[in-house]
Amino acid sequence: MDLIYNSTRDENVKVTAGKAILKGLCDDGGLFVPERLPKLGKSLRELADLDYRELAYEVMKEFITDFTEEELRNCIANAYDEKFDTPEIAPLTYAGGAYYLELFHGKTIAFKDMALSILPHLMITAARKNDIRDEIVILTATSGDTGKAALAGFADVEGTRIIVFYPKDGVSPVQKLQMVTEKGANTFVVGVDGNFDDCQSAVKKIFTDDEFNKKIGERGFRFSSANSINIGRLVPQIVYYVYAYTRLLANQEISEGDSINVVVPTGNFGNILAAYYAKNMGVPIKRLICASNENKVLFDFFRDGVYDRRREFILTSSPSMDILISSNLERLIYHISGNDPKATKAFMEKLSENGNYEITEAMRKNLSDFAGFFADEKETAAKIRSLYEDTGYIIDTHTAVAGSAYDKYLKATADTTATVIASTASPFKFAKSVMTAIDDKYRDRDDFELIDELSAKGNIEIPEAINEIRNADIKHKTVCRVDEIPSVVEAFLK
């Protein structure tokens, strides 16, 4: 029996997983959610004997029930192949009292590869199954990492085009170079004079603009999303939390049934929501520790039950978390409200109209598995430096936010449960911030010079993703205002 997907804002929306993946966002502006959260079909002990690809099938088949076994296994095989520089796909490294789940071994050296390597295959398979003839146009807003990962996934994929919008002054030099040097003939990258929230809001507005969608549809196009609002992005992310637990089990670091904690640096909330889904599938996760940078809207939410985006937007050294509108939080709001679409819709309308909302006391009680902590810029740098000095292990700025948050959690609770920290990007992607944190003498050095220095200091091979952009030609030079985004999309599709 197929698992059906509803809208977080309308119980009458009922579609298969494939259709939800193709559409990306509901017509009412809501997000697709499974009508129930499924359980794992095998014991964790049995899953501990599987490699990443086999485990991915066991997890994803519970959510994507309208694909045949052959179709889903083919998507997985095409995603998790030699694009990753380690056969483990997502290895665990123990350092400084925690296990770092390295999610940056894919083509663009960030955790977004874990889902965006498979999303194009899921989407093309779904289109074929549903007899879709239109060309699929992927619209994506990025705070830095999603953009390049999506471009790498969809570049030159037949039957698709992809347009990526990024805040022109809000990403790292390496992130920007990775995007603007993209060679795919079906790709288009646009810098926006605004922040990530501006980009994301403009893209979501296009999805719900009936007139604009009709006009584009008449030309043989249909929009979809590669952002984490797409359920096809979220489901593959569940896999690596199940995998982390089974690796600890296989390595006898824990016994079956032992609990673990998970710490996730997050801005848009998708990555930690995937851990919440893993917990609901049966992984014994004790606490879900949500780590924020100075844009601590999620920390405040978990502290007092109020989500309030009305605050200064701060540019930090962890730009992929510089977000004030955490889109995926809507899915959690839906679940903790008792899967109530009317309540969820009312909260989202308040956020849109007033910039804030406050959840009920009953909903707050359903957040007991979560803990929120944040790290400022000094604390983030200090974590990079101390971990390197104590262990020789080098982490990026986003992972350092999580590491610092975990230190605060440990101090507040004395909870010594085995803890997995989601390491979301390679330190090479933020070399200047990382190296400056280790020693201030690097502050005025060139980014690529620092990459070489980082490689020597950490005894780490420079990833191919970095080498290939050193002297690459700039292919994408378009910059626009936020209000020009629809016309830029229309121009590209002519």
Side-chain angles (χ1 to χ4, degrees), residues 2-3 5 15-26 31-32 34 52-53 56-57 59-84 89 106-108 112-140 142 146-164 182-189 203 206-207 213 216-217 219-239 270 489 492-493:
D2 283 346
L3 180 64
Y5 286 78
V15 300
T16 61
K19 289 181 179 178
I21 290 167
L22 276 174
K23 199 158 183 59
L25 187 70
C26 302
L31 307 186
F32 288 109
Y52 195 90
R53 297 164 191 82
Y57 174 73
V59 173
M60 293 179 67
K61 74 181 178 64
E62 303 297 338
F63 287 90
I64 306 176
T65 55
D66 57 329
F67 281 31
T68 66
E69 178 175 347
E70 182 183 6
E71 287 168 339
L72 184 53
R73 285 192 183 277
N74 185 57
C75 290
I76 291 167
N78 285 323
Y80 305 114
D81 55 13
E82 67 279 356
K83 291 190 292 294
F84 287 80
I89 307 299
K107 194 172 181 180
T108 73
K112 307 296 175 74
D113 289 322
M114 301 298 293
L116 284 164
S117 292
I118 194 170
L119 182 61
H121 302 290
L122 295 174
M123 200 168 278
I124 294 302
T125 302
R128 188 165 57 243
K129 288 177 71 69
N130 288 280
D131 199 31
I132 301 300
R133 304 296 182 188
D134 293 340
E135 192 167 357
I136 300 168
V137 180
I138 307 300
L139 293 184
T140 295
T142 184
T146 288
K148 177 55 183 178
L151 289 164
F154 283 93
D156 297 321
V157 172
E158 188 176 349
T160 71
R161 298 193 195 189
I162 178 167
I163 311 173
V164 169
E182 174 57 53
K183 299 174 184 175
N186 64 334
T187 65
F188 188 36
V189 180
V203 167
I206 288 175
F207 279 114
N213 277 262
I216 295 301
R219 299 181 190 169
F221 299 109
R222 66 164 53 206
F223 291 126
S224 190
S225 172
N227 281 92
S228 56
I229 56 175
N230 192 317
I231 198 69
R233 269 279 305 274
L234 187 60
V235 170
Q237 291 179 274
I238 302 168
V239 175
V489 170
F492 177 64
L493 298 181

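Remember, it's a predicted structure, so these values are computed and weren't measured experimentally. Along the sequence shown, residues carry numbers from 1.
Residues Ile163 and Ile138 fail the side-chain proximity criterion, which asks for heavy atoms closer than 4.5 Å. Looking at heavy atoms from C-beta onward, Met114 lies out of side-chain contact with Val239 at the 4.5 angstrom threshold. Residues Arg233 and Thr146 are in side-chain contact: their nearest non-hydrogen atoms beyond the backbone lie under 4.5 Å apart. Contact annotation: the side chain of Met60 approaches that of Pro236 to within less than 4.5 Å [non-hydrogen atoms, C-beta and beyond]. Between Ser225 and Leu25, the closest side-chain pair of non-hydrogen atoms is not below 4.5 Å. With contacts defined as side-chain heavy-atom distances shorter than 4.5 Å, the pair Val15/Lys23 does not qualify. Leu234 has its side chain out of reach of Asn230: every pair of non-hydrogen atoms, C-beta onward, lies at least 4.5 Å apart. Looking at heavy atoms from C-beta onward, Cys26 lies out of side-chain contact with Tyr5 at the 4.5 angstrom threshold.
Taken to the nearest 0.5 Å, the OH atom of Tyr80 stands 9.5 Å off from the NZ atom of Lys83. Interatomic distance, CD1 of Ile229 versus CZ of Phe207, reported as 5.5 Å (0.5 Å rounding). With rounding to the nearest 0.5 angstrom, the CD1 atom of Ile118 is 5.5 Å from the SG atom of Cys75. A distance of 7.5 Å separates OG1 in Thr140 from CG in Leu116, rounded to the nearest 0.5 Å. Atom CD1 of Ile64 is separated from atom OG1 of Thr16 by 10.5 Å, given to the nearest 0.5 angstrom. Rounding to the nearest 0.5 angstrom, the gap separating the CD1 atom in Ile216 from the CG atom in Leu139 is 9.0 Å.
Without hydrogens or angle criteria, Asn186 side chain to Asp156 main chain gives a donor-acceptor distance under 3.5 Å.
Within 6.0 Å of the NZ atom in Lys19, the count of heavy atoms belonging to other residues, nucleotides or ligands does not exceed 12.
Between Phe492 and Phe188, the ring planes lie parallel to each other; the angle is under 30°, not in the 30° to 60° tilted range.
Ion pairing of Arg128 with Glu71 is absent here, as no side-chain N (NZ or NE/NH1/NH2) approaches a carboxylate O to less than 4.0 Å. Contact check on Glu182 versus Lys148 returns a salt bridge, with a Lys/Arg side-chain nitrogen under 4.0 Å from an Asp/Glu carboxylate oxygen.
In the model, Thr108 has a side-chain atom that pairs as donor or acceptor with a side-chain atom of Asp113 under 3.5 Å.
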Pair Asn74-His121, side chain to side chain contact (heavy atoms under 4.5 Å, CB included): steps then yes or no: CA-CA 8 Å; Asn74 185 57; His121 302 290; over 6 Å; no

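Summarising the geometry of Asp81 relative to Arg53, their closest heavy-atom pair is CA-NH2, 4.3 Å, with the distance given to 0.1 Å.
Under a cutoff of 6.0 Å and an axis angle of 45°, Arg73 and Tyr57 form a cation-pi pair.
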